There are 2 protein chains.
Amino acid sequence: MSRILVVDDEKDIVELVSLHLQREGHEVVSVGNGLAVLPMAVKTAPDLIVLDIMLPGIDGVQVHRRLRADTRTRHIPVIMLTARAQTNDRIAGLESGADDYLTKPFSPRELMLRIGAVLRRSQKVVMLAEQRIGEFLLDRKNMSLSISGKLIELTITELKLITTLMANPDVIHTRSELLSAVWGYADDTHSRTLDTHIKRLRDKLGDHGRHIGTLRRQGYLFQSVIQELADADA
Amino acid sequence: MSRILVVDDEKDIVELVSLHLQREGHEVVSVGNGLAVLPMAVKTAPDLIVLDIMLPGIDGVQVHRRLRADTRTRHIPVIMLTARAQTNDRIAGLESGADDYLTKPFSPRELMLRIGAVLRRSQKVVMLAEQRIGEFLLDRKNMSLSISGKLIELTITELKLITTLMANPDVIHTRSELLSAVWGYADDTHSRTLDTHIKRLRDKLGDHGRHIGTLRRQGYLFQSVIQELADADA
DNA sequence: TGTTCGGGTGACGAGACTGTGACGGCAGGA
DNA sequence: TCCTGCCGTCACAGTCTCGTCACCCGAACA
């Protein structure tokens with residue numbers, strides 16, 4: 001699932017950790033020498049680095065600093081392994097820089113949990129570059145909307161509005177929800193602003209404007225298929 | 001997950017296919033008559049059409065042609081079902097137009113695989129919802145930029161501009177490239193427009209405006225780390 | 001049938017946004 | 001050192017965009 005770089009000079013540790021990681025479906029790369037970490041990190045672009053603080057040649061803290069200084073590796077989360085013998089100040093120093101740390105001896109189970117947590121935290125939220133609903137094509141890359149290949153010129157407000165509606169088609173978006181999403185209004189300002197923009201949007205969409213439905217007292221919605229709207233109970 | 005329109009006059013086939021599709025979480029709409037395909041496709045806006053070539057009333061090839069001729073349906077991918085008895089020319093003709101085709105009799109499993117492949121191909125280009133470069137955080141969902149958590153209010157033009165630059169940080173974007181990406185200008189209009197917007201952007205970014213670098217005669221670039229720019233050979 | 005309420009519609013003015021041209025300054029080459 | 005070309009900066013005017021208001025209409029309900 002993820003690629004993880006394990007840095008430790010004790011082969012036993014590396015093997016133990018690798019075993020557990022692989023069991024969880026991760027790909028493991030390992031290095032035993034501090035000086036080799038940066039080149040290896042650049043080469044393999046791991047999703048996470050498990051870094052022992054005690055290393056031959058160069059200190060783990062130094063390695064960490066170098067990783068952070070290099071634009072190619074600075075975003076990679078690091079979990080530090082420290083020995084109990086380390087002074088508290090040392091640990092505090094690490095704590096500030098690393099994404100997490102663990103004192104030796106540690107249970108593999110705990111390491112796995114922490115790795116899972118860090119990965120989840122750093123996981124990137126992906127979205128569709130293009131969202132298609134029927135003939136509507138929302139191109140987030142170019143910030144544009146087209147219908148059946150025809151570009152519809154929208155203002156930024158209209159674009160935000162339809163983007164919000166299309167994000168959850170066939171679902172009712174309340175007025176306050178839309179006002180919050182598009183205008184950032186916290187309070188339920190009651191004015192004709194939203195209505196007006198809905199109208200402008202519908203006008204620009206021409207015949208397809210009917211995809212934007214109104215539910216009296218409830219809100220608006222983007223209908224993937226145009227149909228009569230029957231109010232549910234209020 | 002997706003809405004699929006199945007066109008076949010043999011009820012057994014429709015039922016079989018529908019069953020498998022529904023099992024995979026797809027919504028199925030079906031039609032047994034060639035003439036009903038276009039209206040139904042327009043009405044339900046399916047994500048994919050499975051089209052049998054042998055149909056009563058009107059030939060599947062004709063139907064396909066009509067689908068392609070109509071702006072409302074031309075973008076919908078089509079998988080053709082052909083009988084082994086069809087001549088080779090016929091199949092060649094199909095092959096060019098349809099997104100995929102399958103000869104009867106076929107295994108439902110194979111159809112499912114091909115449908116999966118076509119759907120995957122026809123949609124889903126993913127992008128990061130948030131892009132972070134140093135202190136800069138580009139939030140594509142809310143179409144906003146913030147620096148160290150502070151929201152920067154940008155106009156739509158400025159937003160497109162910095163989005164383009166940030167899409168490939170530390171890479172030179174030529175003037176014509178930017179004019180094309182942001183303004184859609186095909187020709188290299190030479191005016192002060194781009195410069196002016198670059199300046200406005202830099203101003204709004206305050207001290208961080210220095211991330212936008214100029215390379216004389218070459219273009220602009222977003223620098224992930226601020227540094228002196230040395231012109232490469234022109 | 002009449003009343004009430006929420007949404008639709010059209011107009012308008014303030015302000016924002018944009019593209020342009022003029023001008024100045026700086027870098028690189030002669 | 002001067003010249004040339006490219007970019008930075010500024011002011012400005014035209015256009016666009018937005019929020020609001022007044023008024024209309026139709027649905028829901030009594």
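In what follows, chains are A, B, ... by sequence order, proteins preceding strands, each numbered from 1. Bear in mind that the values here come from a model prediction, so they are computed numbers and not experimental data.
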Rounded to whole Å, NE2 of A:His197 lies from P of C:dT9 at a distance of 15 Å

Counting only N and O atoms by type, is there a donor-acceptor contact under 3.5 Å from the side chain of B:Asp139 to the main-chain atoms of B:Glu130?
-> no

Does B:Thr157 have a side-chain nitrogen or oxygen under 4.0 Å from the phosphate oxygens OP1 or OP2 of C:dT18?
-> yes

Grab the CG-C1' distance between B:Leu194 and C:dT20 for me, whole Å please.
-> 14 Å

Check step by step if side chain to side chain contact (heavy atoms under 4.5 Å, CB included) holds for B:Ile53 and B:Leu81.
-> CA-CA 6 Å; B:Ile53 209 175; B:Leu81 302 180; over 6 Å; no

Could you check if a side-chain atom of B:Thr163 sits within less than 4.5 angstrom of a side-chain atom of B:Leu145, using non-hydrogen atoms only?
-> no

Donor-acceptor under 3.5 Å (B:Thr214 side chain, B:Arg216 main chain) | no

Would you say the ring centroid of A:Phe222 lies under 6.0 angstrom from that of A:His211?
-> yes

Interatomic distance, A:Leu201 CG vs C:dG8 C1' [rounded to whole Å] = 14 Å

Five-pair end axes of the helix from C:dT1-D:dA30 to C:dA30-D:dT1, angle between them (10°) | 30°

Is it true that B:Lys199 and B:Asp195 have a side-chain N and a carboxylate O under 4.0 angstrom from each other?
-> no

Does any N or O in the side chain of B:Asn33 come within less than 3.5 Å of the main-chain N or O of B:Leu35, such that one atom is a donor and the other an acceptor?
-> yes

Gap between atoms CD1 and C1', on A:Ile156 and D:dC18 respectively (whole Å) = 13 Å

What string of B, S and - do you get for nucleotides 1-13 of chain D, 5' to 3', when a contact is any protein heavy atom under 4.0 Å?
-> ----BBBBBB---

Starting from P on D:dT17, measure out to NZ on A:Lys160 and report it in whole angstrom.
-> 15 Å

Ion pair B:Arg200/B:Glu158, N-O distance below 4.0 Å = no

Between A:Ser191 and D:dG19, is there a side-chain N or O to OP1/OP2 distance below 4.0 Å?
-> no

Tell me, with the steps shown, if B:Leu5 and B:Met40 meet side chain to side chain contact (heavy atoms under 4.5 Å, CB included).
-> CA-CA 8 Å; B:Leu5 173 58; B:Met40 183 59 95; 3.9 Å; yes

Can you check whether A:Trp183 has a side-chain N or O nearer than 4.0 Å to OP1 or OP2 of D:dC18?
-> no

Within less than 4.0 Å of OP1 or OP2 of D:dC16, is there a side-chain N or O belonging to A:Thr155?
-> no

